[in-house]
Q: 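Following this message is one structure expressed as structure tokens.
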Amino acid sequence: MKKRAMVDQDVVIRNMAEDDLDRVAELEKVIFPDPWPRSAFDDTTEHDGWGGFVAEADGDIIGYACYFIICQESHLTNIAVVESWRRKLVANQLLNAILEIVTESECEFLLLEVRPSNLPAVAFYERHGFTTLYRRPNYYRRPPEDALVLVKYLTEKETRATNGLV
Ligand SMILES: CC(C)(COP(=O)(O)OP(=O)(O)OC[C@H]1O[C@@H](n2cnc3c(N)ncnc32)[C@H](O)[C@@H]1OP(=O)(O)O)[C@@H](O)C(=O)NCCC(=O)NCCS
């Protein structure tokens with residue numbers, strides 16, 4: 001997988017590395033009611049097709065996003081930004097880094113799950129062209145909630161098929 005680092009003002013976006021996982025797991029616990037354990041992030045740095053990016057400011061990790069690719073499908077498994085850095089386009093940069101990778105890998109779409117009650121995240125995804133594919137009942141446990149499965153089509157063929165043009 002290509003290594004990259006993007007710089008926008010004070011924020012650097014770079015590949016997630018093994019050394020980042022303690023801090024990422026710490027942020028995950030603060031940000032989510034149902035956090036991934038640290039061990040779940042090992043896949044991101046250890047397995048082919050899995051990857052992640054961190055956003056860094058002044059040497060501290062202020063956001064992260066992970067994905068995996070299987071055949072022509074890609075999945076955004078999580079994306080988060082610390083509260084004090086929100087609405088500064090940090091998640092936007094993290095998502096763009098992932099979109100660049102999955103598009104280069106010739107994925108046809110990027111999928112994700114989100115809580116319907118998570119209005120900031122839903123607004124963020126809508127802003128980036130994701131649409132709802134279906135609702136998955138009782139997907140989340142703590143607290144219990146359905147999931148919206150969202151998709152962003154990455155190829156012209158897939159976009160036209162959705163619009164009923166092919
Ligand atoms: C969702 C989240 C990752 C967005 O991160 P962010 O860095 O604040 O997002 P950005 O600044 O890149 O936002 C880009 C655009 O998305 C939309 N957006 C983001 N947050 C929004 C909010 N709270 N309300 C409405 N729209 C929002 C806006 O259109 C925004 O552009 P604008 O600020 O110019 O209006 C962040 O709120 C977060 O970490 N939430 C907690 C973790 C989480 O729920 N992750 C998603 C799990 S599925």
Side-chain angles (χ1 to χ4, degrees), residues 1-70 73-105 107 109-131 139-140 142-143 145 147-154:
M1 198 71 72
K2 222 190 263 179
K3 296 282 170 202
R4 60 192 69 208
M6 290 191 280
V7 183
D8 181 18
Q9 297 173 344
D10 302 332
V11 178
V12 177
I13 306 293
R14 60 164 179 78
N15 285 76
M16 189 182 283
E18 169 70 29
D19 284 351
D20 299 323
L21 297 190
D22 286 344
R23 174 67 176 144
V24 166
E26 196 179 287
L27 292 179
E28 177 85 4
K29 274 195 226 158
V30 173
I31 294 173
F32 290 100
D34 51 353
W36 274 19
R38 189 197 180 285
S39 57
F41 285 99
D42 289 341
D43 287 331
T44 298
T45 53
E46 283 175 7
H47 293 297
D48 274 355
W50 287 71
F53 291 96
V54 294
E56 236 177 18
D58 294 329
D60 191 22
I61 294 175
I62 54 153
Y64 56 93
C66 303
Y67 65 92
F68 70 86
I69 296 173
I70 180 161
E73 278 183 43
S74 55
H75 294 250
L76 181 68
T77 53
N78 42 21
I79 184 163
V81 173
V82 298
E83 206 157 350
S84 56
W85 275 90
R86 289 187 193 157
R87 299 306 283 268
K88 296 181 198 299
L89 299 179
V90 175
N92 184 62
Q93 292 184 70
L94 288 163
L95 180 60
N96 282 343
I98 287 180
L99 284 170
E100 201 180 315
I101 294 274
V102 300
T103 305
E104 277 174 9
S105 304
C107 292
F109 45 82
L110 177 61
L111 289 167
L112 60 89
E113 291 100 17
V114 62
R115 290 177 184 269
S117 64
N118 189 347
L119 299 182
V122 171
F124 172 76
Y125 295 133
E126 282 177 353
R127 167 80 182 263
H128 286 87
F130 285 84
T131 53
Y139 178 73
Y140 293 104
R142 288 187 311 270
E145 190 172 350
L148 296 178
V149 179
L150 304 190
V151 65
K152 180 177 171 72
Y153 294 103
L154 304 172

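Everything numeric here is computed off the predicted structure, so don't read it as measured data. All residue numbers refer to positions in the sequence shown, counting from 1.
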Q: Can you measure from CD1 (Ile98) to CG (Leu110) and round to the nearest 0.5 angstrom?
A: 7.5 Å
Q: Using salt bridge (Lys or Arg N to Asp or Glu O under 4.0 Å), reason through Arg23 and Asp19 one step at a time and then give a plain yes or no.
A: CA-CA 8 Å; Arg23 174 67 176 144; Asp19 284 351; over 6 Å; no
Q: Do Pro120 and Asn118 touch side chain to side chain, with heavy atoms closer than 4.5 Å?
A: yes
Q: I would like to know whether Phe124 and Val114 meet side chain to side chain contact (heavy atoms under 4.5 Å, CB included); could you show each step before the answer?
A: CA-CA 11 Å; Phe124 172 76; Val114 62; over 6 Å; no
Q: Return the OG1 to CG distance between Thr131 and Leu148, rounded to the nearest 0.5 Å.
A: 11.0 Å
Q: Verify whether one side chain among His128 and Asn92 offers a donor that lies under 3.5 Å from an acceptor in the other.
A: yes
Q: Out of the candidates Val102, Thr103, Ile101, only one should pair with Ser74 under the side chain to side chain contact (heavy atoms under 4.5 Å, CB included) rule; please name it.
A: Val102
Q: Can you check side chain to side chain contact (heavy atoms under 4.5 Å, CB included) on Leu150 and Glu126, steps first, answer last?
A: CA-CA 9 Å; Leu150 304 190; Glu126 282 177 353; 6.0 Å; no
Q: Just how far is it from atom CZ of Phe41 to atom CD of Glu46, taken to the nearest 0.5 Å?
A: 13.5 Å
Q: Glu56 and side chain to side chain contact (heavy atoms under 4.5 Å, CB included): which single residue from Ile61, Val11, Asp10 fits?
A: Ile61
Q: Is any side-chain heavy atom of Arg142 less than 4.5 Å from a side-chain heavy atom of Pro33?
A: no
Q: Roughly how far, to the nearest 0.5 Å, is NZ of Lys29 from CG of Asp34?
A: 14.0 Å
Q: Is it the case that the side chain of Glu28 and the backbone of Trp36 share a donor-acceptor pair, with hydrogens and angles ignored and the cut-off at 3.5 Å?
A: yes
Q: Nearest heavy-atom pair of Ala57 and Ile62: which atoms, and what distance?
A: CB-CD1, 4.1 Å
Q: Taking the side chain from Asp20 and the backbone from Ala17, do they hold a donor-acceptor pair closer than 3.5 Å?
A: yes
Q: Passes side chain to side chain contact (heavy atoms under 4.5 Å, CB included), Ile79 versus Leu112? Steps please.
A: CA-CA 10 Å; Ile79 184 163; Leu112 60 89; over 6 Å; no
Q: Can you find a heavy atom in the side chain of Tyr64 that is under 4.5 Å from one in the side chain of Thr44?
A: no
Q: What distance separates Leu111 CG from Tyr153 OH, expressed to the nearest 0.5 Å?
A: 8.0 Å
Q: Shortest non-hydrogen contact from Ala55 to Ile13?
A: CB-CD1, 3.6 Å
Q: Apply side chain to side chain contact (heavy atoms under 4.5 Å, CB included) to residues Leu76 and Tyr125 and explain how you reach the verdict.
A: CA-CA 11 Å; Leu76 181 68; Tyr125 295 133; 3.9 Å; yes
Q: Examine distances only and state if a side-chain atom of Thr77 and a backbone atom of Cys66 form a donor-acceptor pair shorter than 3.5 Å.
A: yes
Q: Please tell me if the side chains of Leu154 and Leu99 come closer than 4.5 Å, counting only heavy atoms from C-beta onward.
A: yes
Q: At their closest point, which heavy atom of Arg115 faces which heavy atom of Val122, and how far apart are they?
A: O-CG2, 3.9 Å
Q: To the nearest 0.5 Å, what is the distance between CD (Glu18) and CG (Asp22)?
A: 8.0 Å
Q: Evaluate the ring planes of Phe53 and Tyr67, with Trp represented by its six-membered ring, and classify them as parallel (under 30°), tilted (30 to 60°) or perpendicular (over 60°).
A: parallel
Q: Any donor and acceptor pair, going by atom type alone, linking the side chain of Glu145 with main-chain N or O of Ser117 inside 3.5 Å?
A: yes
Q: Could you go through Glu83 and Lys88, starting from their C-alpha distance and side-chain angles, then the distance that decides it, and tell me whether this counts as salt bridge (Lys or Arg N to Asp or Glu O under 4.0 Å)?
A: CA-CA 10 Å; Glu83 206 157 350; Lys88 296 181 198 299; over 6 Å; no
